[in-house]
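Quick notes on the structure that follows.
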Amino acid sequence: MTRLADRPTVEVSALIAAPASSVWELVTDINISSRFQDEFQEATWLDQGPALGARFIGKNATSRFSWETTCTIVDYTPGERFSWAVNDVDDPVAVWTFELTAYDDGTELTYRRVVGTGPSGLTAAIEKYPDREEEIIAKRDEVHRQHMQSVVDGIKSLAEAP
């Protein structure tokens with residue numbers, strides 16, 4: 001049984017026929033995801049970014065809700081890893097990461113989301129329906145998996161475009 005305390009993870013990836021430097025430019029654009037899926041709407045830097053410790057506001061919406069989050073860059077390893085924590089760095093709602101692995105003929109891009117225990121719509125739903133925790137997490141994971149794959153596929157198409 002998957003529980004919130006297990007820090008549920010969703011991970012997708014793609015092999016991209018482009019150098020890591022080209023992929024890096026795309027993944028460090030905090031608005032890239034809004035081009036390829038409809039929940040994440042836009043982001044605005046609060047600090048000079050992208051850089052370790054820089055913050056941005058993310059705007060999100062579904063058919064039922066809209067919300068904003070404050071995100072902090074928690075890993076900024078140029079050409080390799082770009083990661084941000086949502087809301088509280090010490091008790092995040094989630095940590096999102098783009099990870100790049102360079103090869104002679106291209107780049108593997110991995111996009112990962114690890115749920116935290118910070119207060120969110122997910123934690124509120126689980127508090128309201130504790131007997132449905134596994135189902136609630138599974139549904140949210142599936143939505144994120146679809147969105148994340150769309151983002152990775154979109155980045156691939158941009159990076160490989162002539």
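Source: prediction; values computed, not measured.
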Would you check if the side chain of S66 reaches a backbone N or O of A61 as a donor-acceptor pair within less than 3.5 Å? no
Electrostatic pair D141:R113 at N-O distance under 4.0 angstrom: yes
Check ring-ring contact (aromatic ring centres under 6.0 Å, His included) between H144 and all other residues, then give those that pass, not counting sequence neighbours. W96
Taking only residues at least two apart or on different chains, which pairs with a member in residues 16-49 satisfy ring-ring contact (aromatic ring centres under 6.0 Å, His included)? W24-Y76, W45-F56
Between E135 and R132, does at least one N-O distance fall below 4.0 Å, as a salt bridge requires? yes
What residues, two or more places apart in sequence or in another chain, satisfy side-chain contact (heavy atoms from CB on, under 4.5 Å) together with D88? D90, D91
Scanning both residues in full, the closest heavy-atom pair of N60 with G58 reads ND2-O, 3.6 Å
Listed by chain and number, what are the side-chain contact (heavy atoms from CB on, under 4.5 Å) partners of K59, not counting sequence neighbours? Q41, E42, E68
Is L26 linked to F98 within one hydrophobic cluster, defined over Ile, Leu, Val, Met, Phe, Trp and Tyr using a side-chain heavy-atom separation of less than 4.5 Å? yes
How long is the span from the CZ atom in R55 to the OG1 atom in T44, to the nearest 0.5 Å? 12.5 Å
Mark yes or no for whether E133, through its side chain, and T2, through its backbone, hold a donor-acceptor pair below 3.5 Å. no
Which heavy atom of A20 sits nearest a heavy atom of A102, and at what distance? CB-CB, 4.0 Å
Should I57 and L46 count as side-chain neighbours, where that means a heavy-atom distance under 4.5 Å? yes
Please report, to 0.1 Å, the donor-acceptor pairs under 3.5 Å made by any side chain of residues 150-162, with sequence neighbours excluded.
| unit_1 | atom_1 | unit_2 | atom_2 | d |
| --- | --- | --- | --- | --- |
| S150 | OG | Q146 | O | 3.1 |
| D153 | OD1 | Q149 | NE2 | 2.9 |
| K156 | NZ | L15 | O | 2.5 |
| K156 | NZ | E160 | OE2 | 2.9 |
| S157 | OG | G154 | O | 2.8 |
| E160 | OE2 | A17 | N | 2.7 |

Residue pair V89 / V74, side-chain heavy-atom distance below 4.5 Å: yes
Could you tell me whether the side chain of T69 and the main chain of C71 form a donor-acceptor pair under 3.5 Å? no
Beyond-backbone contact of K139 with V143, side-chain heavy atoms, under 4.5 angstrom: no
Is a side-chain donor or acceptor of D75 paired with a backbone partner of F82 at a separation under 3.5 angstrom? no
Count I, L, V, M, F, W, Y as connected when their side-chain heavy atoms are under 4.5 Å apart, and connections chain through other members. Are Y103 and Y111 then in the same cluster? no
If we ignore hydrogens and angles and just use 3.5 Å, is the side chain of D29 paired with the main-chain N or O of N31 as donor and acceptor? yes
Is L100 reachable from L52 through a run of hydrophobic residues whose side-chain heavy atoms are each under 4.5 Å from the next? yes
Side chain N87, main chain T70, donor-acceptor under 3.5 Å: yes
Answer yes or no: is there a donor N or O on one side and an acceptor on the other, between the side chain of S120 and the main chain of T123, under 3.5 Å? yes
Pairs satisfying side chain to side chain donor-acceptor pair (under 3.5 Å), at least one member in residues 9-20, at least two apart: E11-R112
4.5 Å side-chain heavy-atom contact, I137 and I126: yes
Joint hydrophobic cluster, V114 plus V93, side-chain heavy atoms closer than 4.5 Å: no
Residue pair R140, E39: steps toward the salt bridge (Lys or Arg N to Asp or Glu O under 4.0 Å) verdict: CA-CA 12 Å; R140 193 63 177 139; E39 183 173 310; 2.5 Å; yes
Take I136 and L122 through the test side-chain contact (heavy atoms from CB on, under 4.5 Å) and record every step on the way to the result. CA-CA 8 Å; I136 292 166; L122 184 65; 3.5 Å; yes
Same cluster (ILVMFWY, side-chain, under 4.5 Å), V95 and V10: no
Tell me the closest heavy-atom pair linking I30 and A43, and the distance in Å. CD1-CB, 3.5 Å
Taking T107 for its side chain and L109 for its backbone only, find out whether a donor-acceptor pair lies under 3.5 Å. no
Are more than 12 heavy atoms from other residues, nucleotides or ligands located less than 6.0 Å from atom CZ of R35? no
